[in-house]
Amino acid sequence: MRYQLFLEPRLAERLEEIAAKPGVARSDILVAALDAWLTRQGSHELDDRFGGRLDRMSLQIGRVGRDVQVLLESLSLFIHQQYCLNAQLPEPDAAARAIGRDRFDRFIAQVGRQMATGAKPLAPASEAAR
């Protein structure tokens with residue numbers, strides 16, 4: 001399609017300066033400038049349309065990541081305690097159940113401490129040193 005447009009003198013001079021270089025046409029410059037402007041306008045529209053939703057999704061993903069980290073910390077501590085620290089108990093009686101409750105409470109407290117310090121027992125040694 002063909003369009004006719006009028007440029008203010010300041011813009012017309014700048015266009016002529018740029019177009020004076022060999023191999024550069026005024027129409028190519030104007031097409032590139034219009035394309036860049038329209039692209040920027042479209043990106044603002046996308047930000048306006050989806051920005052809030054993307055921000056909420058980012059927050060939700062952050063919460064899910066935190067929850068997964070809590071689960072991993074809990075699982076790693078549980079496995080460590082179960083296989084490394086606890087001896088086999090005889091058939092549970094009242095005393096064994098009391099010991100089990102005490103151990104569980106200590107387990108939960110240790111998970112809380114691990115999460116509060118940010119230490120990650122599942123992280124490679126190189127990450128833990130940072």
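For clarity, every value in this text was computed on a predicted model and none was experimentally measured. This chain uses plain numbering: 1 for the first residue, then up along the sequence. Atoms considered below: every heavy atom in the structure, side chains included; atoms not considered: hydrogens, waters and symmetry mates.
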Exercise: do Q114 and Q110 side chains pair donor with acceptor under 3.5 Å: no
Can you name the closest pair of heavy atoms from V24 and I18 and give their distance? CG1-O, 3.9 Å
Would you mind reporting whether D67 and L71 have side-chain heavy atoms less than 4.5 Å apart? no
Spacing of K21 atom NZ and I29 atom CD1 [to the nearest 0.5 Å]: 8.5 Å
In Å and rounded to the nearest 0.5 Å, what is the CD to CZ distance from E73 to R113? 12.5 Å
Side-chain heavy atoms under 4.5 angstrom apart, residues restricted to Ile, Leu, Val, Met, Phe, Trp, Tyr: same cluster for L77 and I108? yes
State whether R101 and D105 are salt-bridged, where the test is any N-O pair (Lys NZ or Arg NE/NH1/NH2 against Asp/Glu carboxylate O) under 4.0 Å. no
Taken to the nearest 0.5 Å, the spacing of I99 CD1 from D102 CG works out to 8.0 Å
In Å, rounded to the nearest 0.5 Å, how long is the span from CG of L72 to CD of Q69? 5.5 Å
Hydrophobic cluster membership, V31 vs L11, 4.5 Å side-chain cutoff: no
Rounded to the nearest 0.5 Å, how far does CZ of R103 lie from CZ of R106? 6.5 Å
What heavy-atom pair brings S74 and V111 nearest, and what distance separates the two atoms? OG-CG1, 3.5 Å
As an exercise, state the distance from CG of L30 to CG of L34, rounded to the nearest 0.5 Å. 8.5 Å
Give the minimum heavy-atom separation between F107 and F78, together with the two atoms involved. CE1-N, 3.2 Å
